[in-house]
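Everything quoted here is computed from the prediction, not taken from an experiment.
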Amino acid sequence: MPHLEVYAMYPKMYADQPRASRIRRRLAVTGCTTVLAAVPLCSSIAPASAQDGIEDLSAQEITDRARDAFMSAQSVRATAASKGTDVGRGDPTAADLTLDRDGNCTGSMQFKDAGGLVIVKRGDRIWLKADDQFWKTQLPGSQGESAAELFRNRYMRGSTNDRLLAELATVCDLKEIQQKAAEESREVEGLRKGQPTTVDGTPTIPVTGTKDGETHTVYVATEGRPYPAMSTKKGDGKDVTATFKDYNKPVPAETPSAEDSVDISKLYEESPSPSPS
């Protein structure tokens with residue numbers, strides 16, 4: 001029962017590259033520790049197919065099989081949207097990412113009252129294109145203005161050798177997401193089936209449970225492999241909806257050209273040196 005929720009990367013300070021440390025503290029890029037709320041794990045069960053009549057199984061068996069199918073996926077397109085009173089300024093409100101187990105990805109993210117960005121990762125190379133509002137929100141005063149001008153309509157490029165981009169790259173790793181699903185899969189309780197329904201034209205069976213006062217529902221495909229098609233989490237101050245599709249389709253391999261991008265070192269060069277504090 002995977003559930004995708006995007007969190008803004010917490011600011012970090014690093015001992016090296018002192019000129020860049022202020023940028024890293026200020027730049028609240030979504031590095032996306034992507035959080036999955038999952039159902040209890042049981043013994044491994046062979047993936048079901050349409051002939052298995054998965055909707056006739058128990059809630060526990062359905063979620064077990066959905067878990068196993070999700071864990072076997074080599075790639076997926078995942079979207080997430082969050083809303084509610086607990087979604088504050090700068091918090092992620094939407095994401096649309098295609099990612100695989102090799103850490104490749106392409107997609108976009110939006111933040112409440114703080115703009116948005118497009119990300120492309122191929123191997124250890126990363127490209128990030130943010131809008132003016134994003135830079136002006138994340139960097140103070142003239143730094144934000146300078147960054148917005150420097151990267152306007154262009155990508156910031158670099159590699160996972162840069163710690164800022166290495167943090168950001170975690171959003172692209174399906175393998176890490178799947179590991180999260182396994183780690184957090186024992187906490188949803190009171191599983192129960194709902195009535196069959198469709199998600200974007202896919203026949204599904206919903207299974208609902210609770211965790212920490214929040215209601216979690218996963219919609220499991222009843223035709224073909226029992227992949228999760230959608231999941232929702234509803235709480236007092238935030239509702240999150242995630243969809244999953246295009247399982248095992250390759251991540252687009254196209255990357256931005258050199259003419260359409262600027263090396264991340266230019267951002268550090270144009271930022272004033274941080275104060276001793």
Side-chain angles (χ1 to χ4, degrees), residues 1-7 32-73 76-87 91-97 174 177-247:
M1 185 178 180
H3 185 86
L4 180 69
E5 181 175 354
V6 184
Y7 286 92
C32 216
T33 299
T34 303
V35 178
L36 299 161
V39 299
L41 291 176
C42 292
S43 58
S44 180
I45 300 174
S49 65
Q51 289 75 21
D52 289 316
I54 190 171
E55 65 270 26
D56 296 326
L57 301 177
S58 70
Q60 183 67 71
E61 289 172 320
I62 292 170
T63 52
D64 286 344
R65 296 195 182 198
R67 184 283 315 269
D68 287 349
F70 182 75
M71 297 293 285
S72 73
V76 68
R77 180 180 177 184
T79 70
S82 60
K83 61 182 180 180
T85 56
D86 283 353
V87 180
D91 287 344
T93 56
D96 186 342
L97 296 167
L174 177 59
I177 292 174
Q178 290 167 326
Q179 290 171 349
K180 281 284 187 183
E183 293 168 3
E184 301 185 6
S185 62
R186 291 182 169 86
E187 301 175 7
V188 178
E189 301 175 339
L191 299 177
R192 58 193 184 278
K193 291 194 298 184
Q195 294 298 312
T197 186
T198 58
V199 175
D200 291 334
T202 298
T204 66
I205 184 75
V207 177
T208 299
T210 58
K211 174 191 173 189
D212 298 331
E214 297 173 329
T215 300
H216 297 251
T217 302
V218 63
Y219 295 78
V220 181
T222 57
E223 294 181 357
R225 294 290 297 276
Y227 289 119
M230 182 172 73
S231 67
T232 63
K233 182 180 75 171
K234 298 182 181 297
D236 289 338
K238 181 188 292 186
D239 292 347
V240 182
T241 299
T243 66
F244 305 90
K245 60 183 179 181
D246 295 341
Y247 282 97

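Judged by distance alone, with hydrogens and angles left aside, the side-chain atoms of Tyr219 form no donor-acceptor pair with the main-chain N or O of Thr232 at under 3.5 Å. Remark: the backbone N or O of Met230 is not paired with any side-chain donor or acceptor of Thr241 at under 3.5 angstrom. Side-chain N or O atoms of Thr202 include none that pairs as donor or acceptor with a backbone N or O of Ala221 at under 3.5 Å. Although no hydrogens or angles enter the test, the distance criterion places no donor-acceptor pair under 3.5 Å between the side chain of Thr79 and the main chain of Asp96. Side chain of Glu214 to main chain of Gly235: no donor-acceptor pair is present (N/O by atom type, distance under 3.5 Å, no hydrogens or angles). Proximity of a side-chain donor or acceptor of Lys193 to a complementary backbone N or O of Leu57 within less than 3.5 Å is detected.
Contact annotation: the side chain of Glu55 never approaches that of Pro203 to less than 4.5 Å [non-hydrogen atoms, C-beta and beyond]. Annotation: side chain of Pro228 is not in contact with side chain of Val220 (no heavy-atom distance under 4.5 Å).
Closest heavy-atom contact between Val207 and Ala59: CG1-CB, 3.9 Å. For Pro226 against Arg65, the heavy-atom pair with the smallest separation is CG-O, 3.8 Å. Shown here for Ala73 and Tyr227, the closest heavy-atom pair between the two residues is CB-CE2, 4.3 Å. Between Ser82 and Pro92, the shortest heavy-atom contact is OG-O, 2.9 Å. Residues Thr204 and Ala229 approach most closely at CG2-CB, 4.0 Å, considering heavy atoms. Residues Thr217 and Pro206 share a closest heavy-atom pair of CG2-CB, 4.0 Å.
Note that NZ of Lys238 is 10.0 Å distant from OG1 of Thr85, once rounded to the nearest 0.5 Å. If you take CD1 on Ile54 and CD1 on Ile62, they are separated by 6.0 Å, rounding to the nearest 0.5 Å. Going from atom NE2 of His216 over to atom OG1 of Thr210 covers 8.0 Å, rounded to the nearest 0.5 Å. Residue Gln179 holds its CD atom at 7.5 Å from CE of Met71, rounded to the nearest 0.5 Å. Note that the CD atom of Glu61 and the CG atom of Leu191 stand 11.5 Å from one another [nearest 0.5 Å].
The aromatic rings of Phe70 and Tyr247 lie perpendicular to each other, with more than 60° between the two planes, well past the 30° mark.
Applying the side chain to side chain contact (heavy atoms under 4.5 Å, CB included) test between Arg77 and each of Leu97, Thr243, Asp246 identifies Asp246 as the sole match.
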